[in-house]
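These notes are about the structure you will find just below.
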Amino acid sequence: MRPTPAYAAANAGAPLVPFTIERREPGPHEVLIDILYCGVCHSDIHQARDEWGGSIFPMVPGHEIVGRVAQAGAQVSRFKVGEVVGVGVFVDTCRQCPSCKGGDEQYCDEGMTGTYNARERGTGAPTYGGYSTRITVNEDYVLRIPESLPLDRAAPLLCAGITTYSPLKYFGTKPGSEVAVVGLGGLGHMAVKLARAMGANVTVLSTSESKRDDAIALGAHAFAATRDRGTFKRLANRFDLIIDTVSADHDYNAYLSLLRLNGVMVLVGLPDKALPVSAFALVGKRRSLAGSMVGSIGETQEMLDFCAEHGIASDIELIRIDQINEAYERMLKADVRYRFVIDMASLRG
Ligand code: NAP
Ligand code: ZN
Ligand code: ZN
């Protein structure tokens with residue numbers, strides 16, 4: 001075992017503070033990764049504050065990990081010591097259920113094993129995430145980071161990137177598709193870049209009028225302020241696909257009215273409250289309301305390669321680990337442009 005510096009929340013109300021965890025020596029199929037950068041996802045806040053219920057404490061969040069292989073088990077075939085790799089939202093699945101066998105292992109019937117706030121299959125030990133200096137992971141759940149991507153700006157691709165890439169692909173985004181992105185935060189800004197690269201006409205729907213210029217600079221063709229109720233009249237029946245990344249309560253019905261015939265609204269944002277959906281918002285135009293969770297390991301690799309090919313990476317604010325609590329407060333005010341990434345050198349000291 002290796003004592004490893006980390007930052008943890010002791011309970012749902014507590015700020016993150018320095019904490020030491022143990023990382024195991026890599027087994028035959030595992031790699032030990034020295035973590036260089038870790039992105040800060042809004043899911044880290046939801047879970048550290050136990051907003052979804054069932055959180056396991058102490059919690060070391062973080063599932064947008066980029067690092068370097070420090071040690072590889074004897075049977076590891078895909079990675080070599082020194083290689084730059086990534087770890088995303090999950091580190092294990094059952095490998096046997098129809099979802100796992102069908103290459104959709106993020107939807108494992110037994111539930112994926114989260115990179116943090118989960119229990120390891122077998123031992124039942126809690127998993128600890130990327131707000132730490134190293135992690136041991138089975139090579140089947142490790143990604144290759146293409147050489148051309150800047151490492152700090154690649155970290156958010158491991159969750160924000162794949163979570164938006166997967167539904168854009170699944171729901172058939174193609175040149176000319178009318179795509180709206182609701183919420184311009186970590187996920188939202190990746191959705192804009194990826195949808196644009198797939199050839200879509202992209203509109204950002206945001207509560208923050210101040211993000212208008214950024215939205216266009218990120219690649220959106222149009223921006224509409226959702227506090228202006230006129231927006232919902234003006235854009236009625238407009239979109240083929242809406243990617244809803246909003247982390248807090250909002251009226252789904254208003255956004256559904258923006259879908260054209262057969263349009264789909266995909267929820268990726270996970271507010272803690274159950275919100276009402278009117279049948280009338282769906283029935284009159286054969287609209288669908290869907291949900292989507294990250295993406296498979298195979299699809300995550302495809303997304304990383306797509307980003308390298310199209311020169312796409314996240315727009316980030318690099319922070320020290322001791323700025324993490326302040327970063328959470330800013331994210332709660334929708335004040336992040338557009339992803340915080342922790343420089344893990346600040347935890348090595
Ligand atoms: P984020 O960076 O904090 O961005 C969320 C954005 O939502 C904000 O920037 C803001 O955009 C908008 N927003 C916030 N409060 C709002 C409100 N009350 N009404 C309307 N809009 C509001 O968060 P993130 O990291 O992108 O994560 C977004 C959500 O996705 C979280 O709930 C997270 O847990 C979830 N998530 C899901 C998956 C999955 O697999 N499905 C994966 C990762 C994250 P504007 O300023 O533009 O309005
Ligand atoms: Zn995430
Ligand atoms: Zn499974």
Side-chain angles (χ1 to χ4, degrees), residues 38-49 51-52 61-65 88-90 92-117 121 129-130 155-167 181-192 204-212 214-215 218 220 223-227 243-252 254-255 266-273 275 290-296 314-317 327-340:
C38 184
V40 181
C41 179
H42 208 112
S43 301
D44 300 350
I45 304 180
H46 289 306
Q47 292 177 90
R49 301 192 173 185
E51 291 170 359
W52 297 336
H63 60 204
E64 293 185 336
I65 297 169
V89 172
F90 58 98
D92 201 6
T93 58
C94 86
R95 300 168 184 253
Q96 275 152 23
C97 72
S99 299
C100 284
K101 286 200 161 147
D104 287 313
E105 66 273 10
Q106 73 275 32
Y107 300 112
C108 177
D109 288 352
E110 290 186 6
M112 64 182 186
T113 304
T115 302
Y116 68 88
N117 193 28
R121 293 185 141 70
L157 302 178
L158 278 309
C159 176
I162 184 58
T163 300
T164 49
Y165 180 88
S166 185
V181 175
V182 187
L184 195 63
L187 267 56
H189 94 290
M190 287 312 310
V192 169
V204 167
L205 302 173
S206 171
T207 60
S208 309
E209 176 63 40
S210 60
K211 293 179 182 172
R212 178 183 291 273
D214 286 357
L218 287 162
F223 175 97
T226 51
R227 292 213 168 103
I243 307 278
D244 181 339
T245 76
V246 175
S247 51
D249 298 2
H250 57 297
D251 178 11
Y252 291 146
Y255 292 93
V266 190
L267 306 183
V268 290
L270 289 162
D272 52 351
K273 285 209 190 71
L275 303 167
S292 185
M293 186 168 66
V294 289
S296 68
S314 178
D315 286 21
I316 65 165
E317 289 187 45
Y328 279 13
E329 292 308 320
R330 282 187 51 198
M331 283 170 77
L332 290 168
K333 289 187 275 188
D335 175 24
V336 49
R337 304 205 173 201
Y338 276 88
R339 196 58 139 186
F340 291 112

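In this chain, numbering begins with 1 at the start of the sequence shown. All ligand and atom numbering here is 1-based and tracks the order in the structure.
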**Request:** Answer side chain, backbone, both or neither: which part of W52 comes under 4.0 Å from ligand 1, heavy atoms only.
**Result:**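 The answer is the side chain of W52.
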**Message:** Once you restrict to heavy atoms under 4.0 Å, what part of A160 touches ligand 1? Side chain, backbone, both or neither.
**Reply:**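 No part of A160 is near ligand 1 at this cut-off.
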So do the side chains of [X] and [Y] get within less than 4.5 Å of each other, counting heavy atoms only?
X: R95; Y: E105; result: no
X: L158; Y: I65; result: no
X: R227; Y: E209; result: no
X: D214; Y: Y338; result: yes

**Request:** Begin with the C-alpha distance, continue with both residues' side-chain angles, and end with the deciding distance and a verdict on side chain to side chain contact (heavy atoms under 4.5 Å, CB included) for T163 and S292.
**Result:** CA-CA 7 Å; T163 300; S292 185; over 6 Å; no
Sub-3.5 Å N/O-N/O distance, [X] and ligand 1:
X: L270; answer: yes
X: H250; answer: no
X: V268; answer: yes
X: V40; answer: no
X: M293; answer: no
X: L184; answer: yes

Just need the protein heavy atom nearest to [atom], so name the residue and atom and give the distance.
atom: atom 46 (O) of ligand 1; answer: S208 OG, 2.6 Å
atom: atom 39 (C) of ligand 1; answer: T163 CG2, 3.4 Å
atom: atom 33 (C) of ligand 1; answer: S43 OG, 3.4 Å
atom: atom 45 (P) of ligand 1; answer: S206 OG, 3.4 Å
atom: atom 23 (O) of ligand 1; answer: H42 CB, 3.1 Å
atom: atom 7 (O) of ligand 1; answer: V246 CA, 3.7 Å
atom: atom 32 (O) of ligand 1; answer: H46 NE2, 2.8 Å
atom: atom 8 (C) of ligand 1; answer: A334 CB, 3.9 Å

**Item:** Short N/O/S contact of H42 with the Zn ion (ligand 2) (below 2.8 Å)
**Value:**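 No.
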Can you sort out which atoms of ligand 1 are near [X], meaning under 4.0 Å from one of its heavy atoms?
X: V294; answer: 39 (C), 40 (O)
X: G269; answer: 29 (C), 30 (O), 32 (O), 35 (C)
X: C159; answer: 42 (C), 43 (C)

**side-chain hydrogen bond (donor to acceptor under 3.5 Å, both in side chains) assessment of D44 paired with Y116** = CA-CA 9 Å; D44 300 350; Y116 68 88; 2.7 Å; yes
**Request:** Supply the atom-to-atom distance R212 CZ to S206 OG, rounded to the nearest 0.5 angstrom.
**Result:**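 One finds 9.5 Å between CZ of R212 and OG of S206.
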**Message:** Need one value: angle at the Zn ion (ligand 2), C159 atom SG versus C41 atom SG, rounded to 10 degrees.
**Reply:**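 Answer comes to 120°, rounded to 10°.
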**Prompt:** Angle subtended at the Zn ion (ligand 3) by SG of C108 and SG of C97, to 10 degrees?
**Reply:**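 Computed angle, vertex at the Zn ion (ligand 3), rounded to 10 degrees: 120°.
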**Prompt:** Out of curiosity, is R339 lining ligand 1, as in a heavy atom under 4.0 Å away?
**Reply:**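 Contact present.
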**Item:** Nearest candidate to atom 6 (C) of ligand 1, where distance is taken over non-hydrogen atoms, out of P156, G185, G291
**Value:**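 Checking each option, the heavy atom nearest atom 6 (C) of ligand 1 is found in G185.
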